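Let me begin by presenting the structure, written as structure tokens, before commenting on it.
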Amino acid sequence: MARSVLVTGGNRGIGLTIAKAFQDAGDKVAVTHRGSGAPEGLLGVRCDVTDPEQVAAAFDEVEAAHGRVEVLVANAGITDDGLLLRMGEEQFGRVLEANLTGSYRVAKRAASSMLRLRRGRMIFISSVVGLSGGAGQVNYAASKAGLVGMARSIARELGSRAITANVVAPGFVTTDMTDELSEDRKQEILGQIPLARFAATEEVAGTVRWLASDEAAYITGAVIPVDGGLGMGH
Ligand code: NDP
């Protein structure tokens with residue numbers, strides 16, 4: 001049966017490829033956006049995950065159209081890099097608010113639907129940097145590491161109801177986010193990746209879709225790297 005799938009930040013980048021992967025598999029897919037609208041064929045709901053009221057309204061809209069959310073992909077995220085000594089409270093908090101607190105908000109709302117369904121899959125998009133750290137990314141790395149503790153706590157709280165919570169930790173993926181890197185920085189990063197290339201968004205989407213499949217029913221609280229070997233050992 002077609003499941004109700006919600007991908008936050010599914011209007012572009014990795015999220016959009018994830019949304020399309022579920023759609024191609026026959027699921028009913030909704031994506032959040034912050035004003036851009038949704039690409040053809042996907043149900044777009046306006047939602048800034050930093051606003052609890054928008055999160056509530058977005059879920060109501062999705063569930064009126066597609067039924068209770070059974071698969072949640074918490075993908076929306078931002079970077080705002082800077083070295084620790086120059087990182088202001090606002091810069092730190094803004095990234096935590098979008099990446100970590102935003103994920104808590106959508107997970108909490110999704111959990112109430114999944115508990116009623118007595119099944120569900122939550123997948124949080126973290127980053128290799130959450131475990132390895134990244135110079136200039138104290139805020140981003142903290143937010144992405146936080147997702148691991150959150151997902152594992154949810155896995156423990158809701159596992160007995162057939163709800164799983166897992167984390168996907170991509171390395172460098174070709175999207176708008178990585179287009180911002182300078183050519184020198186890109187070359188430096190490539191030198192550290194055993195597979196010597198960035199990932200395509202499809203390579204992250206395939207892992208996410210698999211985690212939501214029957215084949216992955218016994219996997220919960222896991223952190224799956226999709227990083228070309230960059231974070232090996234974590
Ligand atoms: P993009 O910058 O291409 O897209 C980010 C998405 O998040 C957009 O859809 C954006 O919406 C949405 N978003 C940002 N802030 C909010 C918010 N407050 N509320 C709702 N939506 C929001 O990023 P990527 O596709 O590259 O990244 C997707 C996820 O993958 C992120 O969590 C990122 O941290 C993670 N990641 C990315 C890597 C990479 O190399 N690209 C590597 C590892 C992890 P809008 O269009 O409205 O701006």
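Keep in mind the model is a prediction, meaning the values are calculated, not measured. Values below: every heavy atom of this structure, side chains too, minus hydrogens, waters and symmetry copies. Atoms within a ligand are numbered from 1 in the order they appear, just like the ligands themselves.
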N139 (side chain) donor-acceptor with D80 (main chain) under 3.5 angstrom: yes

Establish, from distance only, whether the side-chain atoms of S182 and D184 form a donor-acceptor pair under 3.5 Å. no

If you define the side chain from C-beta out and look only at heavy atoms, does anything of L115 sit under 4.5 Å from L158? yes

I'd like the contact residues of ligand 1, where contact means a heavy atom below 4.0 Å. G9, N11, R12, G13, I14, R34, C47, D48, V49, T50, N75, A76, G77, I78, I125, S126, S127, Y140, K144, P170, G171, F172, V173, T175, D176, M177, T178

For K186, I'd like to know if atom NZ has over 12 heavy atoms of other residues, nucleotides or ligands within 6.0 Å. yes

Quiz question: by atom type and distance under 3.5 Å, do the side chains of R109 and S113 form a donor-acceptor pair? yes

For residues 25-33, which side-chain N or O atoms pair as donor and acceptor with protein atoms under 3.5 Å away, sequence neighbours left out?
unit_1 : atom_1 : unit_2 : atom_2 : d
D27    : OD1    : R3     : N      : 3.0
D27    : OD1    : R3     : NE     : 3.3
D27    : OD2    : R3     : NH2    : 3.2
K28    : NZ     : H66    : O      : 2.9
T32    : OG1    : G9     : N      : 2.8
H33    : ND1    : G35    : N      : 2.9
H33    : ND1    : S36    : N      : 3.4
H33    : ND1    : G37    : N      : 3.1

